[in-house]
Protein chains: 2
Amino acid sequence: MSRPKTATADLIYERLEGLVAEGRFADGERLDEVRLAAEFGVSRTPLREALRLLANAGLAEFIPNRGTFVRQPDFTRLVEMFEVMAELEAWCARLAAHRITSAELLLLRQAASLCERALGQKDYHRYYDENAAFHGIIYDAAGNGFLAEETRSMQRRLRPFRQAQLFAVDRLDRSMEEHRQILAALEARDAPKAEDLARAHLRIQSVVYQQLRG
Amino acid sequence: MSRPKTATADLIYERLEGLVAEGRFADGERLDEVRLAAEFGVSRTPLREALRLLANAGLAEFIPNRGTFVRQPDFTRLVEMFEVMAELEAWCARLAAHRITSAELLLLRQAASLCERALGQKDYHRYYDENAAFHGIIYDAAGNGFLAEETRSMQRRLRPFRQAQLFAVDRLDRSMEEHRQILAALEARDAPKAEDLARAHLRIQSVVYQQLRG
DNA sequence: GTCATCAAAATTGTACACAATTTTTTCCGT
DNA sequence: ACGGAAAAAATTGTGTACAATTTTGATGAC
């Protein structure tokens, strides 16, 4: 099972993504291709691919023959982004409550355990991964492969903006408790409850983010 | 107001998008960079950018050092895609019912008129644009800029797969009637109704698509 | 005959050069 | 001094060459 090595353009993209999320660029700032290429020690060819990815993710605007300009999300925009993510999560949870199989429920229970274990060991990076796995199972259980893909994609796009709050430890205990409630709702096939819980689960994160930033 | 000229990479992307939607490539087929570059009469540099855009849109998979492989959506996938689009439209409509301003309602009425006029003149290409404008107003009226962007983006991604059914003339009359109903629901600020109407509006399109393809 | 190994070919990845375009500066007329 | 046109500089767009990697095919051991 050979993992696909990520091309340099993707690596550059991730670094740029991080820089934008850190607020290292002013809103509307032009991302100079030659300067950044030199900074990253690569040529303009892969850098340009990274810039297009950045624009495609909504973190920059690519204007032909003019350049690509960063779109620094302001607080309002961040709230909007998390609101959309929350709604996607909620929809996945609602569908999953109807369609989830017993095998998937088993996987979900295991994933919840792995989350708890990682949390107990204070291995927050692993917790991040296990948490993503937990949610991923719900996406898949929704029974709409495209929705699962889009939700994962959105999760990935929001990732750089979640780093801060994800490692706020006191938040994690609450997160775990919410996982348990979501799991219970899915087991009970209580779609409205699962939907509301999933929505609230992420809604809170945006509030926490607000506290950390503001 | 100088429109930004689209770069060749974007043009190539649109052509590839069309080819995939037409089913010109088999699922999993590798998109040979040199062959396609020659075919489109460009070099590999812009073609590669187009391929990455294609992968980013979910129409292909880009595997480093291996190539990009088309992901021909099967019927199930198409239904899933339209289902997601329908839900986004529904959400926008629900939010819009709460938040839409009288100025936006005026715009919406005008947009609906322009749709009817285009339909009356059997100018289907203009109808397509006016129809997109009508829906775009609702996206904006939802009051979540990010959601509006994402919905527009999704609409754009689905476009190549809608061409067929959009020009099925008998469908258009029904579409117009649904526009009127949606407009009425928004004017009455009846969120549940607006949501359901918007969802049904697009749901039907996927069914029509089924008829045309199958 | 099957498998492993290695060479050859094909393909993707990237640097670089130059073309096309935009932005900045200079210079001139008023 | 102020605009405006033209030249110069800077920046993006793309073709091409070559490097890195993967795939294919040949060869030989067992």
Side-chain angles (χ1 to χ4, degrees), chain A residues 1-20 24-72 156, chain B residues 1-20 24-72 156:
Chain A
M1 183 169 162
S2 64
R3 280 236 306 305
K5 278 179 285 188
T6 72
T8 34
D10 298 281
L11 297 176
I12 301 289
Y13 165 69
E14 300 213 352
R15 293 181 62 179
L16 283 171
E17 186 185 59
L19 292 176
V20 172
R24 296 292 223 73
F25 299 112
D27 183 54
E29 182 176 345
R30 192 180 110 261
L31 294 174
D32 191 287
E33 296 182 2
V34 291
R35 190 175 67 80
L36 286 175
E39 204 159 307
F40 290 133
V42 298
S43 81
R44 280 177 53 225
T45 312
L47 186 101
R48 270 178 66 87
E49 292 186 4
L51 287 181
R52 293 203 89 121
L53 294 178
L54 203 69
N56 215 266
L59 271 55
E61 187 177 7
F62 180 92
I63 304 181
N65 288 312
R66 303 286 289 274
T68 86
F69 304 84
V70 317
R71 290 184 44 182
Q72 180 70 22
R156 210 214 147 288
Chain B
M1 184 166 166
S2 63
R3 280 237 304 308
K5 277 178 284 188
T6 73
T8 35
D10 297 280
L11 296 176
I12 301 289
Y13 165 70
E14 299 213 352
R15 292 181 63 178
L16 283 172
E17 187 185 58
L19 291 177
V20 172
R24 295 291 222 74
F25 300 112
D27 184 53
E29 181 177 344
R30 193 180 110 261
L31 294 175
D32 190 289
E33 296 182 1
V34 292
R35 189 174 67 80
L36 285 175
E39 204 158 306
F40 290 132
V42 298
S43 82
R44 279 177 54 225
T45 312
L47 186 101
R48 272 178 65 87
E49 292 185 4
L51 288 181
R52 293 203 90 122
L53 293 179
L54 202 69
N56 214 267
L59 272 55
E61 187 176 5
F62 180 92
I63 303 181
N65 288 313
R66 302 286 290 278
T68 86
F69 303 84
V70 316
R71 290 184 44 182
Q72 180 70 22
R156 211 213 147 288

Hey, mind stepping through B:Thr68 and B:Arg30 against side chain to side chain contact (heavy atoms under 4.5 Å, CB included) and telling me if it holds?
CA-CA 6 Å; B:Thr68 86; B:Arg30 193 180 110 261; over 6 Å; no

Can you check the [X] [atom1] to [N] [atom2] distance for me, whole Å?
{"X": "B:Asp10", "N": "D:dT12", "atom1": "CG", "atom2": "P", "result": "16 Å"}
{"X": "B:Arg30", "N": "D:dT22", "atom1": "CZ", "atom2": "C1'", "result": "10 Å"}
{"X": "A:Leu47", "N": "D:dT12", "atom1": "CG", "atom2": "C1'", "result": "12 Å"}
{"X": "A:Asp32", "N": "D:dA10", "atom1": "CG", "atom2": "P", "result": "12 Å"}
{"X": "B:Glu33", "N": "D:dA19", "atom1": "CD", "atom2": "C1'", "result": "15 Å"}
{"X": "B:Leu51", "N": "C:dT11", "atom1": "CG", "atom2": "C1'", "result": "13 Å"}
{"X": "A:Asn65", "N": "C:dT24", "atom1": "CG", "atom2": "P", "result": "15 Å"}
{"X": "B:Glu49", "N": "C:dT12", "atom1": "CD", "atom2": "P", "result": "16 Å"}

- Query: Which nucleotide sits closest to the side chain of B:Arg66: D:dT23, D:dT12, C:dT11?
  - Reply: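 Side chain of B:Arg66 sits closest to D:dT23.
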
- Query: Looking at D:dT12, C:dT12, C:dG13, which one has an atom nearest to any side-chain atom of B:Pro64?
  - Reply: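 Out of D:dT12, C:dT12, C:dG13, the nucleotide with an atom closest to B:Pro64's side chain is C:dG13.
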
Grab the N/O contacts between the protein and nucleotides 15-17 of chain D below 3.5 Å, and write none if there aren't any.
from: D:dG15; atom 1: OP2; to: B:Ser43; atom 2: N; distance (Å): 2.3
from: D:dG15; atom 1: OP2; to: B:Ser43; atom 2: OG; distance (Å): 2.6
from: D:dG15; atom 1: N7; to: B:Ser43; atom 2: OG; distance (Å): 3.4
from: D:dG15; atom 1: N7; to: B:Thr45; atom 2: OG1; distance (Å): 3.0
from: D:dT16; atom 1: O4; to: B:Thr45; atom 2: OG1; distance (Å): 3.3

Roughly how far, to the nearest 0.5 Å, is [atom2] of [Y] from [atom1] of [X]?
{"X": "B:Phe62", "Y": "A:Leu53", "atom1": "CZ", "atom2": "CG", "answer": "9.0 Å"}
{"X": "B:Asp32", "Y": "B:Leu47", "atom1": "CG", "atom2": "CG", "answer": "9.5 Å"}
{"X": "A:Phe25", "Y": "A:Leu59", "atom1": "CZ", "atom2": "CG", "answer": "10.5 Å"}

*Those residues that, when tested against A:Arg15, pass side-chain contact (heavy atoms from CB on, under 4.5 Å) (two or more places apart)*: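 With neighbours one apart ignored, the set is A:Phe40.
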
*Backbone N/O of A:Leu36 and side chain of A:Glu39: donor-acceptor pair under 3.5 Å*: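 No.
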
(message) So A:Arg48, base contact, sugar-phosphate only, or nothing? Heavy-atom distance under 4.0 Å.
(response)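 Result for A:Arg48 = base.
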
- [ ] Take atom CZ of A:Arg24 as the centre, draw a 6.0 Å sphere, and report whether it contains more than 12 heavy atoms from other residues, nucleotides or ligands.
- [x]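 Open: at most 12 neighbouring heavy atoms sit under 6.0 Å from CZ of A:Arg24.
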
